[in-house]
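Since we're looking at a predicted model, the values are computed, not measured. We use all heavy atoms of the structure for the numbers below, so side chains are in, but hydrogens, waters and symmetry mates are not.
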Amino acid sequence: LWIFGYGSLVWRPGFEFTSRKVGFIRGYSRRFWQGDTFHRGNERMPGRVVTLLEERGACTWGVAYEVRGEQIAASLQYLNMREAVLGGYDTKLVKFHPQEKDGEEPILALVYIATPQNPSYLGPASEEDIAAQIVVSSGCAGHNIEYLLRLADFMRYFCPQAEDNHLFSIEEALISILPCLYYTEESLEET
């Protein structure tokens, strides 16, 4: 079984796997439209994490993990709790295209996608509003800022040829907010 990750799974899968490949799926774009009240936020201040939006001609880069034997049941149990129960995601099978061509055919992979029907779905907002929400959100897996920056770093270092304007626009908006936050906190300490 192959499992495709396009959010925190790219750097923290949390399950054992046999191999991993960087690559992409077609027909979906990554969006920070899913609320998170557990991993990267809380009930009072939900964080924002990514989901996939069906979009003709779009492409989303990430990592596919191969799980075999006993790894299959263990990884699915873990992911069903992490993504479905806590996150509100459904599963789909998609064609994954490995970055390293080597004559490889696309691989069928399982992916978790949050839909507008789940209660944590936040939907679209401006990059500035999303960044402002990310700046103030933190959950049991860490600060929402870490989630955004690690995802941007993954794209920059492992998929430099790929474009993800939504992701990088939010990162840019976040960076423009951070000096103000630092200055404000520093000013507060002085008074």
Test side chain to side chain contact (heavy atoms under 4.5 Å, CB included) applied to Arg31 and Arg48, step by step: CA-CA 9 Å; Arg31 293 288 180 261; Arg48 276 202 180 244; over 6 Å; no
Quick one: does [X]'s side chain get under 4.5 Å of [Y]'s, heavy atoms only?
{"X": "Pro46", "Y": "Asp36", "value": "no"}
{"X": "Leu76", "Y": "Leu1", "value": "yes"}
{"X": "Val22", "Y": "Tyr157", "value": "no"}
{"X": "Val111", "Y": "Tyr28", "value": "no"}
{"X": "Tyr6", "Y": "Leu151", "value": "no"}
{"X": "Ile145", "Y": "Leu178", "value": "yes"}
{"X": "Leu122", "Y": "Gln133", "value": "yes"}
{"X": "Ser137", "Y": "Arg40", "value": "no"}

Provide the closest heavy-atom pair for [X] versus [Y] in the form atom of the first, atom of the second, distance.
{"X": "Val49", "Y": "Gly35", "result": "CG2-O, 4.4 Å"}
{"X": "Tyr121", "Y": "Ala114", "result": "CE1-O, 4.0 Å"}
{"X": "Met155", "Y": "Ala162", "result": "CE-CB, 3.8 Å"}
{"X": "Gln99", "Y": "Phe158", "result": "NE2-O, 2.9 Å"}
{"X": "Gly62", "Y": "Phe96", "result": "O-CE1, 4.4 Å"}
{"X": "Glu128", "Y": "Ile177", "result": "O-CD1, 4.4 Å"}

Shared hydrophobic cluster for Trp61 and Ile3 (ILVMFWY, side-chain gaps under 4.5 Å):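 Trp61 clusters together with Ile3.
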Under the side chain to side chain donor-acceptor pair (under 3.5 Å) test, residues paired with Ser29 that sit two or more places apart: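 Partners of Ser29 under the side chain to side chain donor-acceptor pair (under 3.5 Å) test: Glu55.
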Using the benzene-type ring in the case of Trp, are the ring centres of Tyr65 and Phe4 under 6.0 Å apart?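 Not close enough - the centres of the two rings lie 6.0 Å or further apart.
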Is it true that a side-chain atom of [X] and a backbone atom of [Y] form a donor plus acceptor pair closer than 3.5 Å?
{"X": "His166", "Y": "Phe32", "answer": "yes"}
{"X": "Asn144", "Y": "Val136", "answer": "no"}
{"X": "Gln71", "Y": "Arg68", "answer": "yes"}

Spacing of [X] atom [atom1] and [Y] atom [atom2] [to the nearest 0.5 Å]:
{"X": "Ile72", "Y": "Glu16", "atom1": "CD1", "atom2": "CD", "value": "13.0 Å"}
{"X": "Ser75", "Y": "Phe17", "atom1": "OG", "atom2": "CZ", "value": "11.0 Å"}
{"X": "Ile25", "Y": "Ile107", "atom1": "CD1", "atom2": "CD1", "value": "13.0 Å"}
{"X": "Ile113", "Y": "Glu83", "atom1": "CD1", "atom2": "CD", "value": "11.5 Å"}
{"X": "Tyr89", "Y": "Leu52", "atom1": "OH", "atom2": "CG", "value": "8.5 Å"}
{"X": "Glu171", "Y": "Asp153", "atom1": "CD", "atom2": "CG", "value": "7.0 Å"}

Quick one, Asp164 with Arg30, criterion salt bridge (charged side-chain N to carboxylate O under 4.0 Å, His left out). Give me CA distance, side-chain angles, the key distance, then yes/no. CA-CA 8 Å; Asp164 194 326; Arg30 179 181 8 239; 2.8 Å; yes
Run the numbers on Leu108 and Trp2 for side chain to side chain contact (heavy atoms under 4.5 Å, CB included), then give the verdict. CA-CA 7 Å; Leu108 206 54; Trp2 287 84; over 6 Å; no
Assess, by modelled atom type and distance only, whether the side chains of [X] and [Y] contain a donor and an acceptor separated by less than 3.5 Å.
{"X": "Thr18", "Y": "Glu66", "result": "no"}
{"X": "Arg82", "Y": "Ser8", "result": "yes"}
{"X": "Asp90", "Y": "Gln117", "result": "no"}

I'd like to know whether Trp33 forms a side chain to side chain contact (heavy atoms under 4.5 Å, CB included) with Val50, so could you lay out the CA-CA distance, the side-chain angles of the two residues, the decisive distance to 0.1 Å, and finally the verdict. CA-CA 6 Å; Trp33 291 2; Val50 292; over 6 Å; no
Apply the side-chain hydrogen bond (donor to acceptor under 3.5 Å, both in side chains) test between Gln34 and each candidate in Thr51, Thr115, Asn118; give the one that qualifies.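 That would be Asn118.
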Which label fits Tyr147 and Trp11: parallel for a plane angle under 30°, tilted from 30 to 60°, or perpendicular past 60°?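 Taking Trp11 first and then Tyr147, their aromatic rings stand perpendicular (interplane angle over 60°).
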Classify the angle between the aromatic ring planes of His97 and Phe24 as parallel (below 30°), tilted (30 to 60°) or perpendicular (above 60°).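 Ring orientation of His97 relative to Phe24: parallel.
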Show, in sequence, the C-alpha distance, side-chain angles and deciding distance for Val135 and Leu174, and conclude whether the side chain to side chain contact (heavy atoms under 4.5 Å, CB included) test is met. CA-CA 7 Å; Val135 161; Leu174 176 89; 3.1 Å; yes
Sequence neighbours left out, what passes salt bridge (charged side-chain N to carboxylate O under 4.0 Å, His left out) with Arg150? Give chain and number order.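 For Arg150 the salt bridge (charged side-chain N to carboxylate O under 4.0 Å, His left out) partners, ignoring immediate neighbours, are Glu146.
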